[in-house]
Amino acid sequence: MTRAQRRAFAEWWERFGIEAGHVPLEPESVFGRRAPLVLEVGFGDGESLAALAMAHPELDYLGVEVHRPGVGHLLLRAAALGLTNVRVMCADAVEVLEQQVPDQCLDRAQIFFPDPWPKTRHQKRRLIQPPFVALLARKLKPAGQLHVATDCEQYARAILDLLDQAPELVNMAADKGFAPRPAQRPPTKFELRGQRLGHGVWDLLFVKTEGE
Ligand SMILES: C[S@@+](CC[C@H](N)C(=O)[O-])C[C@H]1O[C@@H](n2cnc3c(N)ncnc32)[C@H](O)[C@@H]1O
């Protein structure tokens, strides 16, 4: 971590941070209001999460990232922008979802450019696997949305298959394939790096069926 990121934890963790553990999250008491809740898994440096939170003060954003320097970066950005609708966890999102996020609590979950692990022998390390999809689906409210973007075509096709197989999720794209890039998604650091390398980008937008 840079010195500034270390300082961010000292100065801003109490304001924006939520400890990982076993205490169930109560969004209304965490944010001090009742508002639609968006979860971002693996926000990297958090620049796009901060931009979204700035653009949508009517929504509350919970970011979960394992990489401590990225968390420090977001703490600094959230403080600089004076954001009141962002909270941050430095933890494994799978554990947070299993242990702390109540069922049917999220209005939206977003995962932008999850590590692609393109080599066949590494693919078991991918975040988006059937148990994770089932877990996320359980945490979404009815009509809650799941938005994934990736610059790895092979992973994109695997995610599309997995989400198609989830009984409670429905593809929102008109042709039931990949979605056009939603205008509100800011470019992320990883996406810009991919662009420089000539990568394409695939967006996937699914909605949880009502009544689940
Ligand atoms: C390829 S980077 C993309 C970061 C950012 N979304 C972007 O587009 O610039 C993937 C990120 O996911 C984080 N990550 C991977 N597994 C995670 C997990 N189980 N829980 C939380 N974050 C995770 C990594 O630390 C990394 O920052």
Side-chain angles (χ1 to χ4, degrees), residues 1-2 5 8-9 13 16-22 25 37-55 61-78 86-101 106 108-119 122-140 145-156 158-159 162 178-179 181-182 184-205:
M1 277 199 290
T2 63
Q5 287 162 355
F9 274 88
W13 181 255
F16 297 105
I18 299 177
E19 293 299 337
H22 294 269
L25 277 170
L37 181 61
V38 181
L39 170 75
E40 181 161 340
V41 173
F43 56 73
D45 68 6
E47 286 286 343
S48 58
L49 176 54
L52 279 171
M54 189 76 187
Y61 287 84
L62 173 64
V64 184
E65 168 60 62
V66 277
H67 188 56
R68 216 171 143 79
V71 173
H73 191 98
L74 177 57
L75 291 174
L76 287 174
R77 178 60 81 222
V86 171
R87 296 294 183 279
V88 186
M89 297 183 75
C90 187
D92 180 336
V94 177
E95 291 174 10
V96 170
L97 283 163
E98 282 172 345
Q99 297 168 8
Q100 293 185 268
V101 175
L106 304 174
R108 175 177 275 251
Q110 56 196 36
I111 311 174
F112 298 150
F113 305 91
D115 295 301
W117 298 112
K119 290 186 184 149
H122 291 154
Q123 284 175 9
K124 56 182 178 297
R125 299 183 193 171
R126 284 176 171 171
L127 176 67
I128 304 181
Q129 309 269 0
F132 182 72
V133 172
L135 181 62
L136 262 186
R138 210 168 77 226
K139 303 299 167 180
L140 286 171
Q145 295 182 5
L146 172 60
H147 182 187
V148 181
T150 176
D151 67 348
C152 171
E153 182 171 7
Q154 181 211 44
Y155 196 15
I159 297 168
L162 281 177
F178 297 107
R181 180 202 174 101
Q184 76 274 12
R185 180 167 70 70
T188 73
K189 184 176 178 183
F190 197 81
E191 177 177 17
L192 294 173
R193 176 185 159 273
Q195 269 175 13
R196 288 193 294 274
L197 297 170
H199 296 181
V201 173
W202 291 265
D203 282 88
L204 300 101
L205 268 180

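The first residue in the sequence is number 1, and the count goes up from there. Note that ligands are numbered from 1 as they come in the structure, with each ligand's atoms numbered from 1 the same way.
The aromatic rings of W117 and H122 stand perpendicular to each other, their planes meeting at an angle above 60°, with 30° marking the opposite boundary.
A cation-pi arrangement is present between R68 and F9 under the rule of less than 6.0 angstrom and at most 45 degrees off the ring axis.
Between K189 and E47 there is no salt bridge, since none of the side-chain N atoms of the basic residue sits less than 4.0 Å from a carboxylate O of the acidic one. Salt-bridge formation is detected for the pair R185/D203: a Lys NZ or Arg NE/NH1/NH2 atom is positioned less than 4.0 Å from an Asp or Glu carboxylate oxygen. Under 4.0 Å is where a charged nitrogen must lie from a carboxylate oxygen, and between E191 and R181 at least one such pair does.
Taking both residues in full, the closest heavy atoms of Y61 and A53 are given as CE1-CA, 3.6 Å, listed atom of the first, atom of the second, then distance.
Contact residues of ligand 1 (protein heavy atom closer than 4.0 angstrom to a ligand atom; sorted by chain and number): G42, F43, G44, V64, E65, V66, H67, A91, D92, A93, F112, F113, D115, L127, T188, K189, F190.
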